Structures are given as C-alpha cells and as structure tokens.
Amino acid sequence: MYAQMVKTDGTGIKSSEQMTPEERAFQERIDADSRIEPKEWMPAGYRKTLIRQISQHAHSEIVGQLPESNWVTRAPTLERKAILLAKVQDEAGHGLYLYCAAETLGISRDEMFEQLHSGRAKYSSIFNYPTLSWADIGTVGWLVDGAAIMNQVPLQRTSYGPYARAMVRICKEESFHQRQGFHIMMQMAKGTEAQRRMAQDALDRFWYPALMMFGPSDADSVHSAQSMAWKIKIDTNDGLRQKFVDQTVPQAEYLGLTVPDDKLAWNADKFGEGKGGYDFSEPDWDEFFAVISGDGPCNAERLGARVKAWEEGAWYREGLMANAAKQADRQPAQAAA
Ligand code: FAQ
C-alpha cells in the first residue's frame, strides 16, 4: 500500500531467461561474489540504483552534520566540544568518499547537489528531527550511528568495488561515533535526576525515528528485491531493523532507560522455541512517508541550510576554478622552459 506513495521507478526482477547474454554473465559474476569496477559493463538499472543509493547516502552524511554541529558550541566541556567537532568532520569526510564513489558511475557532483537542493534526491529521514538537548547528541551517536553501522557493515561486501571500499573506513569511524554517543548516555543516565530524565526523553523521541532509518517494511520496499539480487543491498530492511532492536534493547537496559514500546517482549522460550529476538511495535509509517516526502519537522530548515551554504560558497568555488585555470595556463609555459 505505502509503496504507492513513494515516487520511485523500482521494477520487477528479470528471470534468467528474460536477461540478455550480457546481463546473465553480469548476474553470474554477482552470484560468484565478484566485485564490479567502474569501467566494467553493467546493466543501466544497476548503475542507476547505485547512483541513487550512494548519492542519497552521501547526502545523508552531509545533511547529518547539521543537527550535531549546532551543539558544538554548547557541548558541556572542552573535551566534548573537540570530540563532537571531530565527529562532524568525519561525517563530511564520509560524504566526500561517497560522492567520489558515485562519480565513478558517471554522475557529476554538481548534478548530485542540484538533485539534493531541488528536493529531488532523498537523504535519511532521521535528520529531519530536531536535536533539542545535549542528551539528543548522545542518543544520535548511540542510536543513529548504531543504526548506520548495522546497515553499513554488510555494505562492505556490496558488489560495487568503490562503494564497498568506502564503507570499510566509514564503518570504523561510525563505530567510534556510536561509542562516544553511548558514553554520553552512560554519563547522563548515572548523573542527576534531571540528566536521567533528559536521557529518557531523548530515547523516547528518537527510538521510532531510528527504526525508520532502515526504510519501509519489506512488503513496501520497492527496491529491495532487485537491489539484493544485485548485492547492492545485503540484508532486507526488516531483517536489519530486527537486528538493531535485538542489539539495542540490552544497551537501554544497561543504561537503566526504558524503550518506549509497550509491546516490546523477548520472543523465545528456554527451549529455544520462538524467533530468538524481540517482538516490537512498528514505527508510524504515515509519519515516515510524510518525512521522506518533505513534510517532517525540520525538512525545510535542513534543506534551507544546505542551499544557503551552497549559494554563499559560490565565490569560493569560482576562486578555485579560476586558480585551476591559471595553473593549467602556466603549465605549458613551464614545460617549454
Ligand atoms: N530515509 O525500496 P526502499 C548516517 C526511500 S548514514 C529517507 O526500501 P532502498 C550516518 C528510498 O530511498 C544514513 N528515504 O529503498 C550519520 C526509496 O525512495 P526512492 C543513511 C528513505 O534504497 C550518522 C523509498 O524510500 N544511510 O546516518 C529511507 O532499497 C549520524 C523506498 O524504500 C544510507 O543511506 C529513509 N530512512 O532502501 C551521519 C545507507 N528509507 O529512492 C550523521 C545506504 C527508504 O525510490 C550523523 N542506503 N527511503 O525515491 C540504504 O541502505 C538504502 O537506501 C535504505 C533504503 C535502507 C536506506
């Protein structure tokens, strides 16, 4: 039902008989776990899906800097400021690796920025929620980076070489980010009563948006089947969401915080019967589709900030281009001398 609400061009998977000989040979390489490299032949749909996913991922990293960067000056200690600043810089780096990986598929960075600024490209829904307190910064590290790692560790084995390699370093850094977030939460959870309340309030507001990061339920995921056949995605949205809940609930218990879900319950008995994971409530999917369609609490603010930064940076880009042209002009003269 919900898949109808998302503008997308996900089409069915071709059977082996429907594939051209080139497509069949390509699929055989994917099935054999070969890595596809930029100059090799690939189906147009594979290229298009990768550009969509990698550029959306890159945009998420760049937009994801915004909810955190407004806390750099308000972080409680100099050490916390320095750590948060380093994290925000890491996110910029992740965005740049990913834009480079997408460029190897034939799209320019200017085109990707144009898609973001015009609202045609998506970025992760999570960054359309506000960060209201210092505990939110802990929660973003703990839950948002935690969800990102859950999704991205398998992507280190994705079939497209440049994307898989970018993921290796990104995952290492995300892992540090997750721990710094959990550390903030540990301090707050064992702090004063007011700090503990802030930590609980942050968990209450971020729990369901974090679950939404994995995308719509498998039944409504338009791209999963084809992306998994091409190993652009390794796990399903619901499979990753389940793993995230199973990993995170014990962490919340360790912190002494309550996951805001009355239906949360471990589903397995002492004989190992049951699913061996938590049953939990689904996020509000109407809210999710509203957020990814541009109607979340902070969409206008986030996009506005990116467009402003782009426009105000025009003089700098022009300067760089003028300098590059000057260097290029000088080179033949230098070579002749
Ligand atoms: N938000 O058919 P599916 C981070 C869209 S990194 C927005 O299931 P797919 C680091 C989807 O694009 C976080 N849109 O799609 C950090 C599609 O629309 P389209 C980003 C979403 O691609 C931490 C439609 O719904 N990570 O956070 C979302 O197979 C802290 C149908 O959905 C990545 O991007 C969503 N949550 O699966 C930074 C990882 N979910 O394109 C700063 C790579 C779905 O047809 C601070 N991406 N949509 O118009 C992926 O693994 C996949 O793209 C999914 C979605 C799993 C996100």
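Start at 1 and go down the list; that is how both ligands and their atoms are numbered. In this text, all values refer to a predicted model and were calculated from it rather than measured experimentally. Below, all heavy atoms of this structure are taken into account, side chains as well, without hydrogens, waters or symmetry copies. Along the sequence shown, residues carry numbers from 1.
Between Gln195 and Gln200 there is no side-chain heavy-atom pair separated by less than 4.5 Å. Contact check for Val144 versus Phe127: side-chain heavy atoms found under the 4.5 Å cut-off.
With a 4.0 Å cut-off on non-hydrogen atoms, Phe288 touches ligand 1 through its side chain and not its backbone. Of all the heavy atoms of Arg241, none lies under 4.0 Å from any atom of ligand 1, so neither backbone nor side chain is involved. Proximity of His94 to ligand 1, defined as any heavy-atom pair under 4.0 Å, is not found for any part of the residue. Contacts between Ser221 and ligand 1, counted as non-hydrogen atom pairs separated by less than 4.0 Å, involve both the backbone and the side chain. Here Lys122 has side-chain heavy atoms under 4.0 Å from ligand 1, and that is the only part of it that gets that close. Contacts between Asn151 and ligand 1 below 4.0 angstrom, taking non-hydrogen atoms only, involve the side chain exclusively. Proximity of Tyr123 to ligand 1, defined as any heavy-atom pair under 4.0 Å, is confined to the backbone N, CA, C and O atoms. The proximity of Asn237 to ligand 1, defined as any non-hydrogen pair under 4.0 Å, is limited to the side chain. Under 4.0 angstrom from ligand 1, the non-hydrogen atoms of Met213 come from both its backbone and its side chain.
Annotation for Lys275: atom NZ counts as buried by contact number, over 12 foreign heavy atoms lying within 6.0 Å. Open room surrounds CG on Asp262; 12 or fewer heavy atoms of other groups in view lie less than 6.0 Å from it. Other residues, nucleotides and ligands contribute only 12 or fewer heavy atoms inside 6.0 Å of the CD atom of Glu79.
The closest approach between a heavy atom of His177 and any atom of ligand 1 is not below 4.0 Å. The shell of residues lying under 4.0 angstrom from ligand 1, judged by heavy atoms, includes Pro216. Within the 4.0 Å heavy-atom cutoff, Gln152 counts among the residues contacting ligand 1.
Residues passing the side chain to side chain donor-acceptor pair (under 3.5 Å) test with Gln115, sequence neighbours excluded: none.
Gln178 and Ser175 are not linked by any side-chain donor-acceptor pair at a separation below 3.5 angstrom, with hydrogens and angles left out of the test. A donor and an acceptor atom, one from each side chain of Ser133 and Asp136, are located under 3.5 Å apart. Between the side chains of Tyr97 and Arg169, at least one donor N or O sits under 3.5 Å from an acceptor N or O. Side-chain contact annotation: Gln242 with Asp246, donor-acceptor N/O pair under 3.5 Å present. For the residue pair Ser217 and Asp238, no side-chain donor N or O sits within less than 3.5 Å of a side-chain acceptor on the partner. Counting only N and O atoms by type, the side chains of His59 and Gln56 include no donor and acceptor under 3.5 Å apart. Checking Asn267 against Asp279 by side-chain atom types alone, a donor-acceptor pair falls below 3.5 Å.
Here the shortest heavy-atom distance to atom 45 (O) of ligand 1, taken over Gln226, His223, His59, belongs to His223. Distances from atom 9 (P) of ligand 1 to the heavy atoms of Met228, Lys233, Glu173, Lys87 show the closest one on Lys233.
The ligand atoms of ligand 1 that sit less than 4.0 angstrom from a heavy atom of Tyr163 are 43 (C). Taking a cut-off of under 4.0 Å to the non-hydrogen atoms of Gln56, the atoms of ligand 1 that pass are 12 (O), 41 (O). Near Phe127, meaning under 4.0 Å from any of its heavy atoms, are these atoms of ligand 1: 16 (C), 23 (C), 27 (O), 30 (C), 38 (C), 42 (C), 46 (C). For ligand 1, the atoms closer than 4.0 angstrom to any heavy atom of Glu174 are 10 (C). Of all atoms in ligand 1, listed by their number and element, those nearer than 4.0 Å to a heavy atom of Phe214 are 56 (C). Against a heavy-atom cut-off of under 4.0 Å, Gly215 is close to the following atoms of ligand 1: 40 (N), 44 (C). For ligand 1, the atoms sitting less than 4.0 Å from at least one non-hydrogen atom of Glu61 are 6 (S), 10 (C), 16 (C), 38 (C), numbered in the order shown with element in parentheses. The distance from ligand 1 to the heavy atoms of Val144 drops below 4.0 Å at these ligand atoms: 23 (C), 30 (C).
Taking distance alone, with nitrogen or oxygen atoms compared against 3.5 Å, Glu68 stays at or beyond that limit from ligand 1. For ligand 1, none of its N or O atoms has an N or O atom of Ser60 under 3.5 Å away. Inclusion of Val222 in the set of residues having an N or O under 3.5 Å from an N or O of ligand 1 is warranted.
Checking side-chain atoms of Arg205 against main-chain N and O of Leu132 turns up no donor-acceptor pair under 3.5 Å.
Of the residues listed (Tyr316, Trp315, Phe113), the one engaging Trp310 in a ring pair (Phe, Tyr, Trp, His ring centres under 6.0 Å) is Phe113, and it is the only one.
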